[in-house]
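Let me begin by presenting the structure, written as C-alpha cells, before commenting on it.
Every chain is numbered from 1, with letters handed out A, B, ... down the list of sequences.
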Amino acid sequence: MDFREIEKKWQKIWEGEGRFRAVDFDSKPKYYILVEFPYPSGAGLHVGHTPNQIAMDIIARKKRAEGYNVLYPIGWDAFGLPTENYAIKHGVSPVVATERNIDNFKRQIKSLGISFDWSREINTTDENYYKWTQWIFLQFFKKGLAYKATVNINWCPSCKIGLSNEESEGGVCERCGTPTIQKPKTQWMLKMSAYAEKLLQGLDETRFWDNIKTMQRNWIGKSEGTLLHCKLDTGDDFDIFTTCIETIYGITYFVLAPEHPLVEKLKDKIKNYDQVLKYIEKTQRKTEFERTELIKEKSGCPLEGIYAINPINGQKVPVFISDYVLAGYGTGAVMAVPAHDERDYDFAKLFSLPVIEVISGGNIAEQAFEKGEYLGKGCRLINSEQFTGLTVEEAKEALNKYLEENKLGQKIATYKMRDWVFSRQRYWGEPVPLVYCEKCGWVAVPEEELPVTLPKVDKYHPTDDGESPLSRIDDWVNTSCPNCGGRARRETDVMPNWAGSSWYWLRYMDPHNDKAFADFDKMKYWGKVDIYNGGGEHVTRHLLYARFWHKFLYDNGLVPYSEPFDRRIQQGIILAADGSKMSKSAGNTVDPMIYVERFGADVARLGQMFMGDYVEAKPWREDTMKPCEKLLKRIVALADRVEQGQESENKNILAQSIKSIDEDIDGLKFNTAISQLMVLTSALEKAKRVTDYDYQVLLKLLNPFAPHISEELWSQKGYKGRIDEGWLEYNEDDLKTSLVEIAVQLNSKIIARVNIGTSLTQDEIVSQLQKDEKIASALEGKNIIKVIYVPNRIINFIAK
RNA sequence: GCUGGUGUGGCGGAAUGGCAGACGCACGGGACUUAAAAUCCCGAGGUGGCAACACCGUGUGGGUUCGACUCCCACCACCAGCACCA
C-alpha cells in the first residue's frame, strides 16, 4: 500500500467537495483557529511552519468532528525585505517572485493534507487586500493617530540604506558588515502610546498563557510615579518623571537627554556650547554596538552657566546632558539623586558632584542605597525638612499631595512602549496613501481612490540618500491635491512588514468583500479567534500591533469585540539535531517536505507531532518517522483481522484511549496522544477478537493525526457515514477494570505488589493481604497504627 | 542586571502529592533467511550479585508529608525575551 498514492486521492476528493469550507452564519457553534500566515520565501515551507499547521489541523479536524463550524484559514504575508532583496539581486519583479513562492508553498501545504479553507486564502500584496490596509491607515490618520516625526534609524554608511533592527543585529550591516550609525529621518509614526493602558488592561479579557501576558506587560512597561515641574534659572520650564519622589531632597543635579529641545533653545546661554555640541555629535555617532555593549560607562557634559532649581526647596543645582538619559522615555530629563540611584551615583563620582543622603539605612559612602533595597522595609527619610522622619511610603504620599497642592507636580504613569515607526524607504510594501500639498499639508487620498497601487519600477534599490525607490518615478509622485486641486507630491514611503498582519484575521471572516474590510455581522458571527498559534518571536511586537489595530477599530465602532484573540499559544522552537539553533548560515536547516516525499504526509504529520512536547523547545529528529510509519502499517494490517459486529471485548482500552486522546488533543499533548494510539493498536493486536466497532474507534481516533490513511481504511471497509463526522464518547464504567495491581507499602517502602479486585473495600483488602505469606511475615510483630489506602494505587501500612 | 522558562536513563520524552522512566529511538539477545535487509519476539535506570535480592537514583542543599519529579525555601546550570526605563 503506497501512502502517497492514497493521500493524493483523498486530497483531490476533499478539494473537489470543498470539505473544509467554513460556512458564514451556520447554526453550528463556531470555532476559529488561526495560525500565523507564512512569509512565502524562496526556501519553501520550513520546520517553523509545518508543526504549527499540523498541530492546529489536528485540533481543527477534531473540532469539526465534534460538530463545530470550524474556520481554519491560510494566507500570505508577502510584503517585505527578503523578496525585495531577491528582486534586487536577480532583477526579478517581486510580484513574480512572490507568485512563484506562493505556488510552491501552496503545493507543499496541500501535500501535507492540512484542512485549510482555501476559498478564504488572502495575500497582503493583493491590491484588494492592501486597499483595506491603506484604508485602516487612513482612519488612524484622520483620528490624528498617524503623525510625522524625526527619529533615528539604523543607517549603513556604506550601502547608504536604512536598515531594520533585524538587518543590523549586533550593530553591523547584515549585507556588508559595516558598523551602522543612527541617522535622523522623518518617518510616519502611529501613536501606539495612546493605547498603552488599553493594551495593558485588555490582557485581562484574554486567556493568553501567563508567560505571554507577562511578556506583553513588560514590553508595555508601565511605571507609576510623579511628573515634577522644574525651572531653570533662565526661566525656562521643563518636566521630569520620577518613581522615587521620596528622594527629592537628595537632588544634586539634573540631567537632560542630549536630544532634549532645551539644549538647542539655550545655545546662546550655555557657555561651553561648543563642547556640548561635540558631545551630542559623539552620541549620534555611537553605533548600536557601543550603545548596547559599553553602556555601563558613564559620560556626559555640563551645561555651563545654566542652573536648575529644585522645586521643593529652591536649591540651585547644575545641569548636564548625558546619553544615559533616553530622549524617548518619560520626559527625556531626570532629577539626579546620587545617594539613591546607582546610575546617578556613578555619574556623580565621574564629575565629583555632591551626594546627599535622604533615606537612612544604607551605606552611601560605598554605594547608592536604591529603591529595590529600601522599599517596604520601614526606612525613614532624613535631611528632608518637614518630611524628615516619615517612612518612605508615607513620604511618597505626603510629597505627592504637597506637590499637587502647590502645582509643582502630579502623579502620572509612563510606559516604555514607544510609538510605532510606520514608514520604510523601500519598495515592496503598501504605499502610504497620503499626498503632500504646499498649501494644505498632508492630505489623505480619498477613500474611493484606494488602493494606491505600487507602480512598476526598474530599480528596487533605495536611492543614495535613503529615499524609497518610488521617489524616482516622477509621474507617480507628482499628483494633484485632493483638497485644493493644486500641485502635490505623493508620499513615497511604504508601510512596514507588520502592517498587513495587523488585521488579517478579520479579512478571513469575509475575504472577498469590496465594500468594507469585513462585514460587521460576519465578524460578529465568527467572533474572537478562539486559538491563535504562532511563534514566540511574535509575542511582543506582532501581537501588540495586532491588538492595537483591533482596539482602534473597536473604538471607532468598526469591529464588534474589543480583543481579537481569546487564546494565544505557541509551539516550542525546533532546534537542529544537536540542540543548536537552526539557521541558514549554520547550514543546519531541515526541509520537512523531504519526509512527505519519503514517507507520505500521514507519517510526516505523526512523526513531527511525536518528536516531543509541542510547547517545549526541542531538537528535530527523524527517528520518529519510522515508528510512526510502523504504526500505520500495523493499523493497515489489523484490517484483515476485523470481524463483523458492533459488540466489543475491548471496551476498557477503547474507553481509556478515547479519554486520554481527547484530553491530549485539547491540551496540545500530541506526543502522548500518539503514544496512546500505539498502546491501543498493540492491545487490539493482542486481543482475541477485533470487531468493526473496535476498528472504527481506532480509525476515528487516528483520523485527526493521519487523515488520509484513516479515511482510506474507513472507506475500504465500507463503513457508513463519514469518518470525520461525530467524535467519540466513552462510558465511565468502561474505564474500570475488575482487577488491578497495587503496591503494598510498609512505612512507605514497597514490600510487595498484588492484584486485587477493584470493588473491594479497604478492610477486605487488608484481610486479603494478611493471608499473603510474604506480607504477613513482613508485618509480623509490628504494631500497625495507621493504614493509608489510595484506591487502585497503593496501600501503606504505618507501623512501629 | 531584570523578567519568564527548563533541568528525569545513552537519546527524545511519560507520570490529578501515591508503584519514576509510559510510548519511542539507539543498543543487546533470539526467530525467519544461504546471507543481508525488512519483519516479528524477548531484554534492559545505575551499582553489587550466578541468582533470589539489596542499595542508590528525577540539577544541588534544606523543609512540609505516612509518602515529593510534583508543594515550600535557598542555591547552581542552561535557554529565551528585555536591558542606562529615571
Classify the nucleic acid contact of [X] as base, sugar-phosphate or nothing, counting any heavy atom under 4.0 Å across all strands shown.
| X | answer |
| --- | --- |
| A:Ser223 | sugar-phosphate |
| A:Asp613 | sugar-phosphate |
| A:Glu537 | nothing |
| A:Lys786 | nothing |
| A:Ile750 | sugar-phosphate |
| A:Lys749 | sugar-phosphate |
| A:Lys626 | nothing |
| A:Val790 | base |
| A:Val255 | nothing |
| A:Asn796 | base |
| A:Gln745 | base |

With both distances under 3.5 angstrom, what nucleotide forms a Watson-Crick or G-U wobble pair with [N]?
| N | result |
| --- | --- |
| B:rU47 | B:rA54 |
| B:rC11 | B:rG24 |
| B:rA83 | none |
| B:rC19 | none |
| B:rU65 | none |
| B:rA74 | B:rU60 |
| B:rU33 | none |

Pick the [atom1] atom in [N] and in [M], then give their distance to the nearest Å.
| N | M | atom1 | result |
| --- | --- | --- | --- |
| B:rG61 | B:rG13 | P | 25 Å |
| B:rC11 | B:rG45 | P | 14 Å |
| B:rC55 | B:rG49 | C1' | 12 Å |
| B:rG21 | B:rG10 | P | 16 Å |
| B:rU8 | B:rU3 | C1' | 26 Å |
| B:rC25 | B:rA74 | C1' | 38 Å |
| B:rC72 | B:rC78 | C1' | 24 Å |
| B:rC69 | B:rU16 | P | 13 Å |

Candidate nucleotides [options], ranked by approach to the side chain of [X] - the nearest:
| X | options | result |
| --- | --- | --- |
| A:Ile798 | B:rC23, B:rC66, B:rG12 | B:rC66 |
| A:Leu326 | B:rG13, B:rG24, B:rA86 | B:rA86 |
| A:Arg418 | B:rC19, B:rC25, B:rC85 | B:rC85 |
| A:Lys630 | B:rG18, B:rC25, B:rU6 | B:rC25 |
| A:Lys581 | B:rA80, B:rA86, B:rU6 | B:rA80 |
| A:Tyr324 | B:rC84, B:rC19, B:rG12 | B:rC84 |
| A:Ile788 | B:rG18, B:rC23, B:rC25 | B:rG18 |

Quiz item: Base of B:rG12 relative to its sugar, syn (within 90° of 0) or anti?
Solution: anti
Quiz item: In this structure, are over 12 heavy atoms from other groups packed under 6.0 Å from A:Glu537 atom CD?
Solution: yes
Self-check item: Heavy atoms from other residues, nucleotides or ligands near CD of A:Glu342 exceed 12 (cutoff 6.0 Å)
Solution: no
d([atom1], [X]; [atom2], [N]) in whole Å:
| X | N | atom1 | atom2 | answer |
| --- | --- | --- | --- | --- |
| A:Gln570 | B:rA80 | CD | P | 14 Å |
| A:Ile751 | B:rC66 | CD1 | P | 19 Å |
| A:Ile756 | B:rG18 | CD1 | C1' | 14 Å |
| A:Glu370 | B:rG1 | CD | P | 14 Å |
| A:Gln676 | B:rG24 | CD | P | 11 Å |
| A:Ile794 | B:rU65 | CD1 | P | 17 Å |
| A:Lys222 | B:rA86 | NZ | C1' | 17 Å |

Self-check item: Nearest-nucleotide comparison on RNA chain B, the residue closer to the 5′ end among A:Asn218 and A:Asn747
Solution: A:Asn218
Exercise. For A:Thr214 and for A:Lys686, find the nucleotide of RNA chain B with the closest heavy atom, then tell me which residue's nucleotide is more 5'.
Key: A:Thr214
Short side-chain donor-acceptor distance under 3.5 Å, [Y] and [X]:
| X | Y | value |
| --- | --- | --- |
| A:Tyr329 | A:Thr414 | yes |
| A:Asn652 | A:Thr737 | no |
| A:Thr758 | A:Lys736 | no |
| A:Tyr789 | A:Asp763 | no |
| A:Gln768 | A:Asp772 | no |

Taking the side chain as C-beta and beyond, is there a heavy-atom pair between [X] and [Y] under 4.5 Å?
| X | Y | value |
| --- | --- | --- |
| A:Val151 | A:Asp419 | no |
| A:Arg753 | A:Val744 | no |
| A:Ile220 | A:Arg217 | no |

[X] side chain near [N] phosphate (N/O to OP1/OP2, under 4.0 Å):
| X | N | value |
| --- | --- | --- |
| A:Arg343 | B:rC85 | yes |
| A:Lys371 | B:rA86 | yes |
| A:Asn671 | B:rG12 | no |

Quiz item: For the base of B:rC84, is there a side-chain donor-acceptor partner from A:Lys298 under 3.5 Å away?
Solution: yes
Quiz item: Within the modelled atom types, does a donor on one side and an acceptor on the other bring the side chain of A:Arg753 and the base of B:rC19 under 3.5 Å apart?
Solution: yes
